[in-house]
Protein chains: 2
Amino acid sequence: MQQVVAPAFKTCSDCPIRHRAVCAKCDSQELELLEDIKYYRSFSAGQTVMWAGDHMDFVASVVSGVATLTQTMEDGRTQMVGLLLPSDFVGRPGREEAAYTVTATTDLVMCCFRRKPFEHMINTTPHVAHRLLEMTLDELDAAREWMLVLGRKTAREKIASLLSIIARRDALLGTAPPGKELSFDLALTREAMADYLGLTLETVSRQMSALKRDGVIALDGKRKIRVPDMDRLMTEAGDDSDGGYLI
Amino acid sequence: MQQVVAPAFKTCSDCPIRHRAVCAKCDSQELELLEDIKYYRSFSAGQTVMWAGDHMDFVASVVSGVATLTQTMEDGRTQMVGLLLPSDFVGRPGREEAAYTVTATTDLVMCCFRRKPFEHMINTTPHVAHRLLEMTLDELDAAREWMLVLGRKTAREKIASLLSIIARRDALLGTAPPGKELSFDLALTREAMADYLGLTLETVSRQMSALKRDGVIALDGKRKIRVPDMDRLMTEAGDDSDGGYLI
DNA sequence: TCCTCTTTTTGATCTGTGTCAAGGAACGAT
DNA sequence: ATCGTTCCTTGACACAGATCAAAAAGAGGA
């Protein structure tokens, strides 16, 4: 158990995209390569960015806002498989069709790169390919941590895990003020939280109330969360690690 | 729903490693690079290849046998986060410490590459880095499919999902004879299956019995599985996709 | 072959989370 | 303000899967 750590990754100073390799503003050489293939798209809260199976002629990076990657079964059961926060990357070289449905849960701005030239670039610029590999490996670690949450944690631990992931991530990105007491905006509905954690929205609501009653969190309105003691929250999450792999 | 498909990936003819980039026997140029940094290690069933946190000076590819990647909480709750079948890759460039515990569930042979020269190679050989990215993206897709299983499927569907993953994988690798009727060796104990699916071993046993009683599978001994109708199994798994993302 | 150890199966009971249902709070539109 | 809509909370009850327990089935080894 330890304090929220300093960013371990390279942050770009004037844009919110974490990895310089896919950020057009950071490196002059890459700037030239990327400047003419990128463009911005905005979405409003609740809007679907793309449906699973859609043709997708770009890859993208989240500039601001929150989006979710979800998978849905024929009978409607839904599982979130990715949570896209600012600096996260979506899409993959070599895939024309989106594998997951992407939904904006807040107003969202994405920086898109046309796929063909992007693929050409990663094939010719080892540096960029290497960054992309690093990012993908980080995502894989996050997915595996998430599997432990889904498979073995109780409802209460699941909620605490999700809150501590978002809290830590916000702290890293500087969205939340530093210090022992953390405050952040939970940009997810109860239903989205349920889809993240493999629960029902009623169970999410009950456990949020329980954590509030027990003083682990405080709610300002519905979505604004205050965490008086981050260590306490992480203990509730059943998390002995420092969460280094969770983005 | 569709028949078991032909391999979509490039298979190396004279070695079991799927991706040529990490196979020393397939490409003369890479042969020279890899031949002097690789060595083989064998493990017997039940042996732990490495513990989470161990120093790891190699990356490796499974030649034969089955291994598992597991994560364990302080109180002993265990979740499998990766299933390593022949041709799968383990380890990542840039990480000195193993993030997960690797256990051989059968006799196991791994082809190891010393990490430092391997890292050097992926930094200087774009082709290899590109392959590694592809493999990692496939693993990420598999992890996300798995998240749907863990979060939203019933015990019966979970079992059917696991069986159909292994059946399809065996069919692809040619371990199992082709055709509508599939037969394969389930190289996992009930406990390992439970750790994969976020269940208890008793529930796994009960659902295996139920699937057998209902004629979805037949058991020759404890571990040998026969699947009379693969489509039926996939329906039981609640799986509408062709499973293309599951390795 | 018998014995021991591990793995698997099956039974009885308990419990955490899902399901169904109703009401409350927040927020924008008229 | 008042309505309508969406999101959230709380309650009562049901049930899938966990837990506890014991017996059965294999798999070596002497």
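A note on names: the letters A, B, ... follow the listed sequences, proteins ahead of strands, and every chain is numbered from 1. This is a predicted model, so every value here is computed, not measured.
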Could you state the atom-to-atom distance from [atom1] of [X] to [atom2] of [N] in whole Å?
X         : N       : atom1 : atom2 : answer
Ile159(A) : dG16(C) : CD1   : P     : 16 Å
Arg152(A) : dT19(D) : CZ    : C1'   : 13 Å
Leu211(B) : dT10(C) : CG    : P     : 13 Å
Arg213(A) : dT10(D) : CZ    : P     : 9 Å
Leu201(A) : dT10(D) : CG    : P     : 13 Å
Met208(A) : dC7(D)  : CE    : P     : 16 Å
Met193(A) : dT9(D)  : CE    : C1'   : 14 Å

Base, sugar-phosphate, or nothing: which does [X] touch, judged by heavy atoms less than 4.0 Å apart?
X         : answer
Gly46(B)  : nothing
Ser205(B) : base
Ser209(B) : sugar-phosphate
Thr200(B) : base
Leu199(A) : sugar-phosphate

Side-chain-base donor-acceptor pair under 3.5 Å for Glu191(A) and dC8(D):
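Looking at the base of dC8(D), it does not pair with any donor or acceptor on the side chain of Glu191(A) (distance under 3.5 Å).
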Looking at the side chain of Gln207(B), which of dG11(D), dT9(D), dG17(D) is the nearest nucleotide?
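Of the options given, the side chain of Gln207(B) lies nearest dG17(D).
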From the set dG11(C), dT9(C), dA12(D), return the single nucleotide nearest to any side-chain atom of Arg206(A).
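Given the options dG11(C), dT9(C), dA12(D), the side chain of Arg206(A) is closest to dA12(D).
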Kindly indicate, with the supporting measurements, whether the criterion salt bridge (charged side-chain N to carboxylate O under 4.0 Å, His left out) is fulfilled by Arg206(A) and Glu202(A).
CA-CA 6 Å; Arg206(A) 271 185 252 272; Glu202(A) 293 95 329; over 6 Å; no
N or O in side chain of Arg190(A) less than 4.0 angstrom from dT9(D) OP1/OP2
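Yes, Arg190(A) has a side-chain N/O under 4.0 Å of OP1/OP2 on dT9(D).
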Below the 4.0 Å mark, does dT17(C) have OP1 or OP2 next to a side-chain nitrogen or oxygen of Thr203(A)?
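For Thr203(A), the contact criterion (side-chain N or O under 4.0 Å from OP1 or OP2 of dT17(C)) is not met.
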Between Thr154(A) and Glu202(A), which residue's closest nucleotide on DNA chain C lies nearer the 5′ terminus?
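Closest to the 5' end, via its nearest nucleotide, is Thr154(A).
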What's the verdict on salt bridge (charged side-chain N to carboxylate O under 4.0 Å, His left out) for Glu139(A) and Arg92(A), showing C-alpha distance, side-chain angles and the deciding distance?
CA-CA 13 Å; Glu139(A) 267 187 278; Arg92(A) 57 176 278 183; over 6 Å; no
CD/Glu191(B): more than 12 non-hydrogen atoms of other groups inside 6.0 Å:
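No, CD of Glu191(B) has 12 or fewer neighbouring heavy atoms, counting only those of other groups under 6.0 Å.
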